[in-house]
Amino acid sequence: MILAIIVGFMSGWLISMPIGPTNAAAISRTINLNYKHGFVVGLGGALMDVIYCGGATQINVFLLNSPIFNLSFKILGFGLLLYLGITSLLSKKETQPFAPSAADTKRELKGEERLSRLPLKKASYVGSFFLGVLLYASNIAGVPEWIFISSFWNNQGISLTGYSSALGFAIGAGIGTAGWFFTVVRYFAKRSTSLKPLTLRRINHFTGGAMLAFGLYFGYQIIWKTNWKEVDTRWNVQYQKTMDSITNSK
């Protein structure tokens, strides 16, 4: 379980690094209110990571028992990681301090609008927490990302399918996410300014390099670690069942 917590922490930290709506909201609340509000936004995101991560480990149990689905998710994860890694590495050099993108701002405003419908004070810590939850919940890639990550660690021989291991992995992920947001909001709280272009570029390069490395390793595993004979057998069995079903329906 200790190993599961460690790899969960590493995964939660890395997956939280790309600057998106939740990061933008945490930074905004840190500058406009205080770092505690920014950190509480991050805690909302950390809670969602625990939920997503826990669910992903159980979905991965199904995938491990289905070679074709497992291979499909690996290929999808390989392509996604390569795309995100290359995009981050090729990000344009900014001349101005970091400001949320138009898409990030739009999602943050939507989150604020949804939050205003709840019986909560906008500037309260509870409000900041639920803002983090709402923004993170709007990320449709959240569960697939954690499926890819849990699959990656399982392929390294670190089993995350047992109850205690899955729980440890989810808790570690939450701690890692919270740790990243704590670091970010403390950085902005001390400076009360936006992220410098050079710092942002370094973050993008680091996360891009990490994603690209994971993506390439995923590709290696797809080619050399996949039991192609079993995949072919399952595919032929499924194909035969489909053809029999079509024949019987006529």
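Given the structure is predicted, the values throughout are model-derived calculations rather than measurements.
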Inset, instruction - Could you tell me whether the side chain of Trp180 and the main chain of Ser16 form a donor-acceptor pair under 3.5 Å? - result: yes
Inset, instruction - Using side-chain hydrogen bond (donor to acceptor under 3.5 Å, both in side chains) as the criterion, list what pairs up with Ser11, not counting sequence neighbours. - result: Trp153
Inset, instruction - Could you tell me which residues satisfy side-chain hydrogen bond (donor to acceptor under 3.5 Å, both in side chains) with Thr57, sequence neighbours excluded, listed by chain and number? - result: none
Measure across [X] and [Y] and return the closest heavy-atom pair with its distance rounded to 0.1 Å.
X: Gly174; Y: Ala46; result: O-CB, 3.5 Å
X: Ala178; Y: Leu43; result: CB-CD2, 3.9 Å
X: Ala170; Y: Gly54; result: CB-N, 4.0 Å
X: Val41; Y: Thr22; result: CG1-O, 3.9 Å

Rounded distance [0.5 Å steps], [atom1] in [X] versus [atom2] in [Y]:
X: Ile149; Y: Tyr52; atom1: CD1; atom2: OH; value: 13.5 Å
X: Ile2; Y: Ile5; atom1: CD1; atom2: CD1; value: 4.5 Å
X: Thr177; Y: Leu47; atom1: OG1; atom2: CG; value: 10.5 Å
X: Ile27; Y: Tyr187; atom1: CD1; atom2: OH; value: 9.5 Å
X: Met48; Y: Leu134; atom1: CE; atom2: CG; value: 9.0 Å
X: Ile175; Y: Trp13; atom1: CD1; atom2: CH2; value: 12.5 Å

Holding to side-chain contact (heavy atoms from CB on, under 4.5 Å), I want the full list of residues that pass it with [X], two or more places apart in sequence or in another chain.
X: Val40; answer: Tyr125, Ser128, Phe129
X: Leu167; answer: Met1, Tyr163, Ile171
X: Phe182; answer: Phe39, Arg186

Inset, instruction - Under the ring-ring contact (aromatic ring centres under 6.0 Å, His included) rule, collect the residues that match up with Phe181, sequence neighbours excluded. - result: none
Legend entry - Residues Phe169, Trp146; criterion side-chain contact (heavy atoms from CB on, under 4.5 Å); working and verdict: CA-CA 11 Å; Phe169 185 57; Trp146 280 111; 3.9 Å; yes
Legend entry - Sequence neighbours excluded - side chain to side chain donor-acceptor pair (under 3.5 Å) pairs with any residue from residues 166-176: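 Listed by first then second residue: nothing to list.
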Inset, instruction - In sequence, state the C-alpha distance, the side-chain angles, and the governing distance for Asn23 and Val184, and then conclude on side-chain contact (heavy atoms from CB on, under 4.5 Å). - result: CA-CA 8 Å; Asn23 273 286; Val184 167; 4.3 Å; yes
Inset, instruction - Verify the cluster assignment for Leu82 and Leu14: are they in a single hydrophobic cluster under the rule of side-chain heavy atoms below 4.5 Å apart? - result: yes
Inset, instruction - Kindly indicate, with the supporting measurements, whether the criterion side-chain contact (heavy atoms from CB on, under 4.5 Å) is fulfilled by Asp49 and Tyr136. - result: CA-CA 8 Å; Asp49 260 345; Tyr136 215 90; 2.6 Å; yes
